[in-house]
Chemist: 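Take this structure first; my questions come after.
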Protein chains: 2
Amino acid sequence: MGENYTLLVKLAQKGLSNIETSTIKLSKELKTSQQTISRKLVEMENNELIKRTSSTKGMVINIEEKGITYLKKNYQTLKEIFQSKDSIKGKIQSGIGEGGYYVSKYQEQFQKQLGFKAFPGTLNVKTNKEEIIKFITTITPIEINGFTTKERTFGSLICYKIKVNKQPSAIVIPERTRHAKEIIEIISSKNLRKTLKLKDNVEVNISK
Amino acid sequence: MGENYTLLVKLAQKGLSNIETSTIKLSKELKTSQQTISRKLVEMENNELIKRTSSTKGMVINIEEKGITYLKKNYQTLKEIFQSKDSIKGKIQSGIGEGGYYVSKYQEQFQKQLGFKAFPGTLNVKTNKEEIIKFITTITPIEINGFTTKERTFGSLICYKIKVNKQPSAIVIPERTRHAKEIIEIISSKNLRKTLKLKDNVEVNISK
DNA sequence: ATTACTAGCCGTCGAGTAC
DNA sequence: TGTACTCGACGGCTAGTAA
């Protein structure tokens, strides 16, 4: 089938039927030549992935059954890869986390975006890396903007609203990290360690 | 980046970390040569999509941050393409549908798989083609097997459990069609036309 | 403006093979 | 068994251009 997947996705993003576009527009969007787009669209039409009416003024494209099925199959595959349980287990790690000081610097934004001011200390929880990646992928990330003071720069954070043993909390990941580590840092309005009576190595339940 | 997407997805299907495999196995699965897999894996490692430890006994692959982010981005894109509202509108079409006779032939399976015996007549509803495709994609399809009698063959059906104005029903699509048309056929335990007091061109709400 | 052909360049593929 | 190199062949890419 050649490499028509990227083009098919690009088209689908514009709609599934009656897409008005041109080979030149598409070539710019996909950073390739007008000729390549033209050739690929002809191919895709021969493969019955799409149907077109093209003129010297541009073209109108419809994604056909076969094309939609192909995209759907891909969607399902990725869905399965990232699908996770609704909750995962983790073990409390020692230390209150060095995060306490940093947490205090983002309070206004936490209040605004997460709906609570955070207790100045993070709960460190050890999880299974694969599980935490999948778990997090299905949650909408909340971005906390970075800022600069006279002294130094505080980077952006990505937060995921979760519950720790049913207590509303949030996983906090520095944006430069970009991805969850095995050990995650959790904040909450309460002192989770006290409220939930947690000790090192105790297992907790992290849910959506 | 070349065409490494397919290979990355194949790897991800095996897991995100500590994937034990070999270039030969992968080449068979992806119907390409061992050499191509080897070259692509080297490329992907250079691009920091994966990390590997390879020996003469095979290899262990870990998908790295960049690779996971790349897959996630793709997943989100497809998700947006197929994401739909939880309900769509449709307009009642004239005619009871020729489906009445056929419906009666599948009753046992309807009872078993859908949980009801169907009123022998289908409700034809005109919808927006694009919306119905997206709506249906998020519902788990239920397959009704085809069968052959002395006289003729009855093909397989794909059903999607839905509600029409809150009344439990199912969209029925002959499998050979494979995809929703603009006009869909709906069955229910009740005579929907009577129960819901529907007339031609009246708008109905189709929900999950 | 467009689409899509032809021609020639260039990159990707895989057989052969070393380790 | 393995991985991964070299290198010839083949196919995809884009410049030029017709319509």
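To find a chain, count down the sequence lines: A is the first, B the second, and so on, and within it residues start at 1. Keep in mind the model is a prediction, meaning the values are calculated, not measured.
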Chemist: Taking the minimum atom-to-atom distance to the side chain of A:S22, which one of D:dT3, C:dT3, C:dA4 wins?
Modeler: C:dT3
Chemist: Taking atom C1' of D:dT3 as reference, at what distance in whole Å does atom CD of B:E45 sit?
Modeler: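 Answer to the nearest Å: 12 Å.
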Chemist: Assign the ring pair B:F154 / B:Y101 to parallel, tilted or perpendicular, where the plane angle (0 to 90°) is split at 30° and 60°.
Modeler: tilted
Chemist: Send over the distance from B:I37 CD1 to D:dC5 C1', rounded to a whole Å.
Modeler: 17 Å
Chemist: Sequence neighbours left out, what passes salt bridge (charged side-chain N to carboxylate O under 4.0 Å, His left out) with A:E182? Give chain and number order.
Modeler: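 In terms of salt bridge (charged side-chain N to carboxylate O under 4.0 Å, His left out), with neighbours along the sequence ignored, A:E182 is linked to no residue.
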Chemist: Nearest whole Å is fine: how far is C:dG14 P from B:I24 CD1?
Modeler: 14 Å
Chemist: Could you go over nucleotides 16-19 of chain C and give all protein N or O partners under 3.5 Å, atom names and distances?
Modeler:
{"unit_1": "C:dG16", "atom_1": "O6", "unit_2": "B:Q35", "atom_2": "NE2", "d": "3.1"}

Chemist: Can you figure out which of D:dT3, D:dC13, C:dC13 approaches the side chain of B:R39 most closely?
Modeler: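 Selected nucleotide (nearest to the side chain): C:dC13.
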Chemist: Which part of the nucleic acid, if any, lies within reach of A:K40 when heavy atoms closer than 4.0 Å are counted: base, sugar-phosphate only, or nothing?
Modeler: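 The residue A:K40 makes sugar-phosphate contact but no base contact.
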Chemist: Is any NZ, NE, NH1 or NH2 atom of the basic residue among B:D200 and B:K126 found under 4.0 Å from an Asp or Glu carboxylate oxygen of the other?
Modeler: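 No, no charged N to carboxylate O under 4.0 Å.
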Chemist: Could you state the NZ-P distance from A:K28 to C:dT2, rounded to the nearest angstrom?
Modeler: 7 Å
Chemist: D:dT14, OP1 or OP2 - any side-chain N/O from A:T32 closer than 4.0 Å?
Modeler: yes
Chemist: How close or far is atom P of C:dC5 from atom CD of A:E43, stated in whole angstroms?
Modeler: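 Going from CD in A:E43 over to P in C:dC5 covers 12 Å.
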Chemist: Send over the distance from B:E3 CD to C:dT12 P, rounded to a whole Å.
Modeler: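 Taking atom P of C:dT12 as the reference, CD of B:E3 is at 11 Å.
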Chemist: So, for B:Y106 and B:F147, is the gap between ring centers shorter than 6.0 Å?
Modeler: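 Yes, close enough.
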Chemist: Please work out if A:T36 contacts a base, only the sugar-phosphate, or nothing of the nucleic acid, heavy-atom cut-off 4.0 Å.
Modeler: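 Counting heavy atoms under 4.0 Å across all strands, the contact made by A:T36 includes a base.
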Chemist: Would you mind telling me which of C:dC13, C:dT3, D:dT3 lies closest to the side-chain atoms of B:M59?
Modeler: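 Given the options C:dC13, C:dT3, D:dT3, the side chain of B:M59 is closest to D:dT3.
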Chemist: Against B:E45, only a single residue in B:K51, B:R52, B:K40 fulfils side chain to side chain donor-acceptor pair (under 3.5 Å); can you say which?
Modeler: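 Output: one option passes, namely B:R52.
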Chemist: Taking atom P of D:dA4 as reference, at what distance in whole Å does atom CE of B:M44 sit?
Modeler: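 Atom CE in B:M44 sits about 13 Å away from atom P in D:dA4.
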Chemist: Counting neighbours of NZ on B:K79 that are heavy atoms of other residues, nucleotides or ligands and sit closer than 6.0 Å, is the number greater than 12?
Modeler: yes
Chemist: Under 6.0 Å between ring centres: does that hold for A:F110 and A:F116?
Modeler: no
